[in-house]
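Contents: one structure, followed by commentary.
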Amino acid sequence: MDSYDAAYYRHHGHLTVNGVFPSDEMDSVVRDIEQWGESFLQTLPAEQRSWYIDGGVTARTVLRKLDNPHAHRPAVQALARDRRLLDLVEAFIGPGVSVYFSQIFFKPPEGGGPKPAHQDNFYFGPADPEGVVTAWIALDDATLENGCLYFGDGTNLGPVYAHFAPEGEPFNLQIPTDILARQPMVPAPVRKGGVSFHHGNTFHCSGSNNSNKWRRACALHFVSDGNSFDHPALPYDHSLKFRVS
Ligand SMILES: O=C(O)CCC(=O)C(=O)O
């Protein structure tokens, strides 16, 4: 990464880097998470279905997400420790990093639902907001049609706002509508094997999948050495924090 990219990230709060991983490596991660997803779905308790099942218009029951793949799947753990990725992560938050939380997002074809705008640092509540960067690894091409991410340019430089949750969805925390209305959101398409990075304060959301293609991604939420998480909005399992450099 050159100094222009690092400056772009500091100024805009996000950066897209294509070609970090080859396509065939993404295919093997997809095969692994598909297997995991099938067994997870079979044992998913009824009260957790609304959080994990996609709320889009898909006729089938499809998972929306899976949590903490870095703690459960060696294939994702290998991505988290991969130097091709860590060199970029460390350029943003310095050497000595851990994965604090991670997620697989499935966004199925023809109806995978949107993710409302939010700031990761409201969810995580870090002592040092600068020491949180998400590496969103594209397991498929992410496009305008299949629901790529959108970012609020420069919102990394502003505050973390108190989020609200819709009735019956306490986990679906989002930025208040009046604040969001003042903030243009710019699309950030990324090719399979590319990585979209965002600062923990950066407003981001994703659209619906209106295509016939999957839009799967693995988000690794990296944190700096010594950062602490004293006011998380949701319960996170600190024992799953995974030191990678
Ligand atoms: O992939 C998505 O739709 C949402 C991603 C996200 O919110 C994140 O990576 O922090």
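Start at 1 with the first residue, then count along the sequence. In listed order, ligands and their atoms are each counted from 1.
- Below 30°, between 30° and 60°, or above 60°: for Phe229 and Phe124 the angle between ring planes is above 60°, a perpendicular geometry.
- Interface of His118 with ligand 1, defined as ligand atoms under 4.0 Å from a residue heavy atom, comprises 7 (O), 10 (O).
- With Arg216 as reference, Asp140 is the one residue of Asp140, Asp32, Asp27, Asp54 to meet the salt bridge (charged side-chain N to carboxylate O under 4.0 Å, His left out) rule.
- Against a heavy-atom cut-off of under 4.0 Å, Ala219 is close to the following atoms of ligand 1: 9 (O).
- For ligand 1 and Arg215, the ligand atoms under 4.0 Å from any heavy atom of the residue are 1 (O), 2 (C), 3 (O).
- Those atoms of ligand 1 with a heavy atom of Ser206 less than 4.0 angstrom away are 2 (C), 3 (O).
- By the 30° and 60° cut-offs, the orientation of the rings of Phe203 relative to Tyr161 is perpendicular.
- Every atom of ligand 1 with a heavy atom of His198 under 4.0 Å away is listed here by number and element: 8 (C), 9 (O), 10 (O).
- The backbone N or O of His70 sits less than 3.5 Å from a side-chain atom of Gln77, completing a donor-acceptor pair.
- For the pair Gln103 and ligand 1, no heavy-atom separation below 4.0 Å is found.
- Panel note: side chain Asn209, backbone Lys213; a donor-acceptor pair is recorded below 3.5 Å.
- Ring centroids of Phe122 and His163 are separated by less than 6.0 Å, placing the two rings close together.
- Separation of atoms CG (Leu220) and CH2 (Trp136) is listed at 12.0 Å; rounding is to 0.5 Å.
- With ligand atoms numbered from 1 in the order given, ligand 1 contributes 6 (C), 7 (O), 8 (C), 10 (O) to contacts under 4.0 Å with heavy atoms of His204.
- With respect to atom 9 (O) of ligand 1, the closest heavy atom belonging to the protein is Trp136 CD1, 3.3 Å.
- Below 4.0 Å from some heavy atom of Asp120 lie the following atoms of ligand 1, by number and element: 10 (O).
- The N/O atoms of His221, backbone and side chain alike, include none that comes under 3.5 Å of an N/O atom in ligand 1.
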